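Comments concern the structure below.
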Amino acid sequence: MEWNRTLPDSRMIKTFSAPRTSEEKSAAMLQNPVLVESFIVFIIVLSVHAEIWNTFSWCTLALAVQAYYVQHKWDRLLKSGNAVFQYRTAFSSGLLPASVVLPLLGIVLKERWETVGNVQFERFCVVCSAAGMAIALFISLLGLGLTKPLPTNTSIVYGFASCAIIYALKHSLSVAEVIEILEVLLIFVYLSLIVLYIMPRSFTPGEVMLFLSGLSIITNQLIKRSLTFGDGRHDPLASFLLVIVVGTALLGLVFTILYCFMDSKTWVSSLIFHVTAVIFGLGIMVPWFHRLTRNHLVAWLLNFLTSTRTRIYLLSYWMTLAFLASLVVFHQNYKQSSESKEYKASTAMRKSFHVIIVATYIPGLIYDRPLLYIAAVVCFAAFVVLEYIRHFRIKPLGLMLRPMLALFLDDRDGGPLILTHIYLLLGLTLPVWLFPGVFAPQSSFPGEVALAPYAGVLAVGIGDAMASVVGSTMGEVRWPGTKKTFEGTATSVFAQIITVALILIFDKTVNLNGSYSWIMGSIVIVSMLEAYTNQIDNLLLPLYLFLMLMV
């Protein structure tokens with residue numbers, strides 16, 4: 001009888017001990033890296049809109065809120081295996097961090113072009129921002145449609161956010177701009193079907209949205225400029241970027257279709273590869289560039305690269321660094337062949353390439369940014385073509401490249417392609433390609449904004465490298481719920497601040513004008529994002545730091 005009286009009491013104790021205190025809830029939130037990552041992204045969104053507020057600000061906030069809710073549905077789809085395509089294994093779909101990048105970029109760059117007085121680029125930034133919102137809403141709708149049963153509360157949030165965004169865009173865009181946005185969305189859908197089919201397990205939903213959004217806008221711009229019947233005098237720098245990026249993507253699609261019907265590892269198919277690449281470059285890309293600029297691509301490029309003595313010195317210096325990087329790769333390959341057990345490059349060795357690429361970019365940013373702009377396009381095309389050769393095992397280099405690059409594989413290289421080195425190049429280059437100072441006088445922008453092209457160098461070249469090396473060798477205190485360490489993050493912040501001080505000494509166009517607290521806060525918050533995100537940080541971190549520095 002006494003035992004029967006104590007049984008309800010024990011149950012009552014369990015019932016009343018279930019609610020957790022605020023400290024326990026905070027600790028549980030810190031143990032969830034997705035929640036912390038989302039919190040950091042919302043801080044960045046609010047920080048940008050605290051400085052820049054316009055019609056699209058409400059749209060971006062509504063987009064971020066709905067992406068936060070839909071992200072959990074995408075996470076469940078990935079864990080349950082109910083997604084249509086095979087995505088890269090990660091603890092988060094990355095929908096929220098990727099959804100707000102392009103809209104925020106459009107808002108920030110619109111304000112900068114407005115200060116210069118360039119209405120054409122200002123409207124282009126508006127279209128990019130609206131296109132980013134449309135793509136993000138499409139991906140969210142896809143996630144909701146695949147979730148069974150249909151989540152009611154999340155659908156309501158998505159509906160309110162979509163209506164608010166569509167209403168705001170209706171009063172901000174012309175009919176021609178709406179058609180252009182629909183064209184970008186259509187290109188994105190087709191590219192997504194192709195890329196996710198031929199490259200399974202290479203991207204998370206957020207990564208494929210971020211990567212293909214940019215490629216869709218570039219493709220649409222190239223088509224739009226090619227169909228414009230004018231004097232054909234488009235800017236050669238931008239036209240070179242459009243033609244090379246879209247051309248290499250089309251080349252990969254051609255080879256993918258071609259090698260569905262033939263063996264790529266024979267000498268005959270390898271000869272077809274090289275002949276097709278040459279014909280594609282000379283027969284399609286060269287006339288395409290001439291159509292846009294009325295310049296022969298090869299002649300213009302040679303004249304551009306050798307027009308000044310500074311450019312010749314920089315090219316010689318960069319070729320020396322490329323030779324050193326090749327020696328590192330060959331040395332690591334030799335160590336692998338001499339070791340009896342399987343050998344893999346250490347974190348410190350992999351991050352040594354960050355040192356080489358930082359030594360490449362900083363002189364270019366200081367002395368000749370247009371040259372760096374063009375050189376990065378050429379390197380990107382070379383990296384992509386080499387990856388085609390490695391993936392399809394094209395003779396004579398294909399079989400040799402496979403073990404060499406496999407030594408430096410990252411945990412995020414889970415698909416058929418090795419993209420780590422391409423991500424690293426893009427991470428340092430995107431701020432250079434996006435910065436308006438390449439197409440407008442740098443004197444038009446305040447001194448603190450002139451630091452924005454260094455966002456890739458700071459976030460990836462310095463910050464990510466120092467965080468990885470120090471965290472893997474000396475880190476002991478880990479951030480809750482992650483493998484990243486407090487020591488690595490602190491060293492990353494300190495190294496970036498030291499680099500900013502050195503940039504102020506050597507680059508006279510940069511002047512912080514008292515915005516030290518904003519610069520330091522931007523570096524800290526992006527470094528925290530590096531500690532908690534599981535997305536491709538080589539792409540994500542430079543874009544977020546670029547946003548903060550452009551504000």
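Positions are given from 1, in the same order as the sequence printed here. We use all heavy atoms of the structure for the numbers below, so side chains are in, but hydrogens, waters and symmetry mates are not. The structure displayed is predicted, hence computed values, not measured ones.
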Parallel, tilted or perpendicular: which describes the rings of Tyr259 and Phe392, with under 30° parallel and over 60° perpendicular?
tilted

Flag side-chain contact, heavy atom, 4.5 Å: Cys379 against Leu425:
yes

Could you tell me whether the side chain of His296 reaches within less than 4.5 Å of the side chain of Leu301, counting heavy atoms only?
no

Arg76 and Thr147, any side-chain heavy atoms less than 4.5 Å apart:
no

Assess the residue pair Leu222 and Val245 against the criterion (side chain to side chain contact (heavy atoms under 4.5 Å, CB included)); give the C-alpha distance rounded to whole Å, side-chain angles, the decisive distance to 0.1 Å, and a yes or no.
CA-CA 10 Å; Leu222 182 59; Val245 171; over 6 Å; no

Please check if any side-chain donor atom of Gln66 sits under 3.5 Å from a side-chain acceptor atom of Ser162, or the reverse.
no

Donor-acceptor pair, side chain of Trp318 and main chain of Leu372, under 3.5 angstrom:
no

I'd like to know whether Phe42 forms a side chain to side chain contact (heavy atoms under 4.5 Å, CB included) with Leu96, so could you lay out the CA-CA distance, the side-chain angles of the two residues, the decisive distance to 0.1 Å, and finally the verdict.
CA-CA 9 Å; Phe42 273 105; Leu96 174 58; 3.9 Å; yes

Taking the inter-plane angle between the rings of Phe255 and Tyr388 on a 0 to 90° scale, is it parallel (under 30°), tilted (30 to 60°) or perpendicular (over 60°)?
perpendicular

Could you tell me if Thr429 and Tyr361 have a donor-acceptor pair between their side chains, going purely by distance under 3.5 Å?
yes

Checking the side chain of Gln71 only, and the main-chain atoms of Leu95 only, is there a donor and an acceptor separated by less than 3.5 Å?
yes

Any side-chain heavy atom of Tyr454 within less than 4.5 Å of one from Leu545?
no

Taken to the nearest 0.5 Å, the spacing of Trp288 CH2 from Leu242 CG works out to 9.5 Å

If the condition is salt bridge (Lys or Arg N to Asp or Glu O under 4.0 Å), which residues does Glu111 pass it with, not counting sequence neighbours?
none

Look at the side chain of Tyr158 and the backbone N and O of Leu137, then say whether any donor-acceptor pair between them is shorter than 3.5 Å.
yes

Any side-chain heavy-atom pair of Leu144 and Pro151 under 4.5 Å:
yes

Taken to the nearest 0.5 Å, the spacing of Ser269 OG from Met262 CE works out to 5.0 Å

To the nearest 0.5 Å, atom CG of Leu539 lies from atom CG of Leu424 at 10.0 Å

Are side-chain heavy atoms of Asp75 and Phe91 found at a separation under 4.5 Å?
no

Could you give the distance from CG (Asp537) to CG (Leu529), rounded to the nearest 0.5 Å?
9.0 Å

Please lay out, stage by stage, how Leu105 and Cys128 fare under the test side chain to side chain contact (heavy atoms under 4.5 Å, CB included).
CA-CA 8 Å; Leu105 278 174; Cys128 290; over 6 Å; no

Are Leu109 and Phe121 close enough that some pair of their side-chain heavy atoms sits under 4.5 Å apart?
no

For the backbone of Val460 and the side chain of Glu530, can you confirm whether one donor and one acceptor N or O come within less than 3.5 Å of each other?
no

Value rounded to 0.5 Å, distance of OG in Ser192 from CZ in Phe203:
10.0 Å

Does Phe289 have any ring pair (Phe, Tyr, Trp, His ring centres under 6.0 Å) partners at least two apart in sequence or in another chain, and if so, which?
Trp300

pair Cys125-Arg112: side-chain heavy atoms closer than 4.5 Å:
no

For residues Ser92 and Thr204, report the shortest heavy-atom separation together with the two atoms involved.
O-CG2, 4.2 Å

When rounded to the nearest 0.5 angstrom, what distance separates CG in Leu186 from CD1 in Ile181?
14.0 Å

Ile198: partners by side-chain contact (heavy atoms from CB on, under 4.5 Å), with sequence neighbours left out:
Ile194, Thr256

For Arg123, does the CZ atom have more than 12 heavy-atom neighbours from other residues, nucleotides or ligands under 6.0 Å away?
yes

Before you tell me yes or no, could you show the steps for Leu46 and Leu61 under side chain to side chain contact (heavy atoms under 4.5 Å, CB included), namely the whole-Å CA-CA distance, both residues' side-chain angles and the distance that decides it to 0.1 Å?
CA-CA 8 Å; Leu46 295 175; Leu61 290 174; 3.8 Å; yes

Between the side chain of Ser129 and the main-chain N/O of Val126, is any donor-acceptor distance below 3.5 Å?
no

Other residues, nucleotides, ligands: >12 heavy atoms within 6.0 Å of Phe273 CZ
yes

Just by distance, do the side chain of Arg294 and the backbone of Arg291 share a donor-acceptor pair under 3.5 Å?
yes

